[in-house]
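Both backbone and side-chain heavy atoms feed into the values below; hydrogens, waters and symmetry mates do not. Residue numbers begin at 1 in each chain, while the letters A, B, ... track the order of the sequences.
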Amino acid sequence: MAKPLRFRRYGRRLGITLLFAVAITGLWQYQERQYRDDYTWMGVPGWDELTPTSVHRVLRNDGYLVGWSDVRIGALWVSYQVHAVRDRRIGSRPGFTRDWRTLWPIAPDSYFGSGYDRGHLAPNYAIAAVHGRDAQVDTFRMSNMLPQKPALNRQLWQRLEEAIMDHFAPRFTRLQIVTGPVYPPSFMENVFNRVGLVEVPAAFYKIIVAPDAADPKALAFIMPQNVKGNEPLDDYLVSIDEIEARTGLDFFPDLPVDMEDRLEGQTRTEGWALDAVANKPGRFQ
DNA sequence: TTTACTGT
């Protein structure tokens, strides 16, 4: 007699729990889709082949998404959008913070004494100017940092980020940016090349897309760690296909096939006026 | 000030 009653009660509790789970999952997925639409174009980056070094999970932030790898112990990509802004003032630089979602202990002081900078993937200035203070604070999470040589971080890379906001963004309604690391071909040969737990990339890529142009345009760069900093930006132009080959990632997976070749298979610079900024000196010399 | 960071 007691048994069926207990079972009924248990069943009701299970039903309520399930209902909650469905509701919360639905809400979460709705929010997830919202984020993906706001921060990506033609789909979230994925992987071509299921290998340990290409698997990642998505961390959502205010203003940008991170594809986080628990094998590299670092981001494989960040995705965000920018547009030209009239008010160029931003808040002061917030402090670096731990990101508990990574589970790996990566502290703000983990890079101290390594000779590497804590290089932003989603940049402080652009995210702050376009998406506001909360988003700016999120860019200082350690999950958004990778070890970057000072000459690259403070000069060549900084010049590219400045060109995006000052020169490219005003030419189009909005830009979709995807940026991240390029690792050496052999995982085992680089496996102990780490700052703390974070694997040191050999180079960094940045993809810039103007999606709303009548004929969508893309620019892509790969910049190695060892640069002087004053090189012309266009020395590092590549196709998106080359970045896909060197990272194992698949960018803009929802692109129609005919557009894919034009956008990803070639390096086309017309419409960007790259010459006007390629040799512009950096702010920090 | 308005674009990086550094055992500040």
Side-chain angles (χ1 to χ4, degrees), chain A residues 61-64 74-75 78 80-99 105-172 174-181 194-198 200-201 203-206 208 219 221 223-231 233 236 272 274 276-285:
Chain A
N61 296 290
D62 216 337
Y64 71 103
V78 302
Y80 59 96
Q81 296 189 4
V82 298
H83 50 76
V85 292
R86 278 173 55 232
D87 185 357
R88 302 167 76 85
R89 286 171 305 177
I90 62 164
S92 60
R93 284 171 72 89
F96 292 88
T97 54
R98 252 188 93 158
D99 188 342
I106 304 162
D109 63 1
S110 293
Y111 287 39
F112 285 175
S114 68
Y116 286 93
D117 279 2
R118 296 171 288 190
H120 280 69
L121 292 176
N124 168 39
Y125 175 75
I127 295 286
V130 175
H131 298 280
R133 179 66 182 179
D134 289 347
Q136 178 183 21
V137 169
D138 279 359
T139 67
F140 280 77
R141 290 179 161 169
M142 291 306 291
S143 53
N144 185 42
M145 307 299 152
L146 282 177
Q148 220 170 25
K149 285 279 176 67
L152 175 63
N153 184 37
R154 304 174 194 187
Q155 296 194 52
L156 190 65
W157 195 258
Q158 184 279 326
R159 287 167 52 215
L160 179 57
E161 288 177 346
E162 186 167 319
I164 288 171
M165 282 305 280
D166 290 356
H167 183 71
F168 299 141
R171 305 177 72 86
F172 303 98
R174 65 171 171 147
L175 298 175
Q176 168 68 52
I177 318 280
V178 184
T179 195
R194 289 174 189 263
V195 170
L197 295 168
V198 182
V200 179
F204 294 84
Y205 67 85
K206 195 178 275 289
I208 308 163
L219 274 189
F221 299 86
M223 295 179 168
Q225 289 275 19
N226 290 308
V227 293
K228 285 181 296 169
N230 59 359
E231 295 89 344
L233 296 179
Y236 301 97
W272 295 95
L274 187 51
V277 280
N279 291 290
K280 196 163 181 284
R283 308 172 76 79
F284 314 105
Q285 305 270 0

Using the rule for Phe, Tyr, His and the six-membered ring of Trp, do A:F112 and B:dG7 stack at under 5.5 Å and under 30°? no
Does any N or O in the side chain of A:D99 come within less than 3.5 Å of the main-chain N or O of A:R141, such that one atom is a donor and the other an acceptor? no
Between B:dA4 and B:dT8, how far apart are the two C1' atoms, rounded to whole Å? 15 Å
May I ask you to decide if the ring planes of A:F168 and A:W272 are parallel, tilted or perpendicular, using 30° and 60° as cut-offs? perpendicular
Specify the separation, in whole Å, of atom CD1 of A:I208 and atom P of B:dT3. 19 Å
Please tell me which of A:R118 and A:I90 maps to the more 5' nucleotide of DNA chain B, matching each residue to the nucleotide holding its nearest heavy atom. A:I90
Atom OH of A:Y116 and atom C1' of B:dA4: how far apart are they, to the nearest Å? 17 Å
Whole angstrom is fine here: how far is it from CD in A:E162 over to P in B:dC5? 14 Å
Looking at A:R93, I'd like to know whether one of its side-chain N or O atoms comes within less than 4.0 Å of OP1 or OP2 on B:dC5. yes
DNA chain B: A:R89 or A:F140, which has the more 5' nearest nucleotide? A:R89
Is the backbone N or O of A:G63 less than 3.5 Å from a side-chain atom of A:N61, with the two atoms forming a donor-acceptor pair by type? no
Using side-chain contact (heavy atoms from CB on, under 4.5 Å) as the criterion, list what pairs up with A:R283, not counting sequence neighbours. A:Q158, A:E162
Length of the line joining A:K280:NZ and B:dT2:P, which is rounded to integer Å: 16 Å
Name every residue in residues 145-158 of chain A that has at least one heavy atom under 4.0 Å from any atom of DNA chain B, in order of residue number, or write none if there are no such residues. A:N153, A:R154, A:Q158
Figure out the CG/C1' separation between A:N144 and B:dC5, and round it to whole Å. 15 Å
Non-hydrogen side-chain atoms of A:V195 and A:R118 separated by less than 4.5 Å: no
Of the listed B:dT1, B:dT3, B:dT6, the closest approach to the A:R283 side chain comes from B:dT3
If you check every side-chain atom of A:D117, which of B:dT6, B:dT3, B:dA4 has the closest atom? B:dT6
Between P on B:dT8 and CZ on A:F96, what's the gap in Å once rounded to a whole number? 14 Å
Check the phosphate of B:dT3 against A:H120, side-chain N and O only, distance under 4.0 Å to OP1 or OP2. Yes or no? no
Rounded distance in Å - CD (A:Q136) to C1' (B:dA4): 14 Å
Does the A:Y236 side chain pair with the main chain of A:E231, one donor and one acceptor, at a distance under 3.5 Å? no
What is the separation between atom OH on A:Y125 and atom P on B:dT1, rounded to the nearest whole Å? 14 Å
Can you confirm whether A:Y111 sits close enough to A:V198 that some side-chain heavy atom of one is under 4.5 Å from a side-chain heavy atom of the other? yes
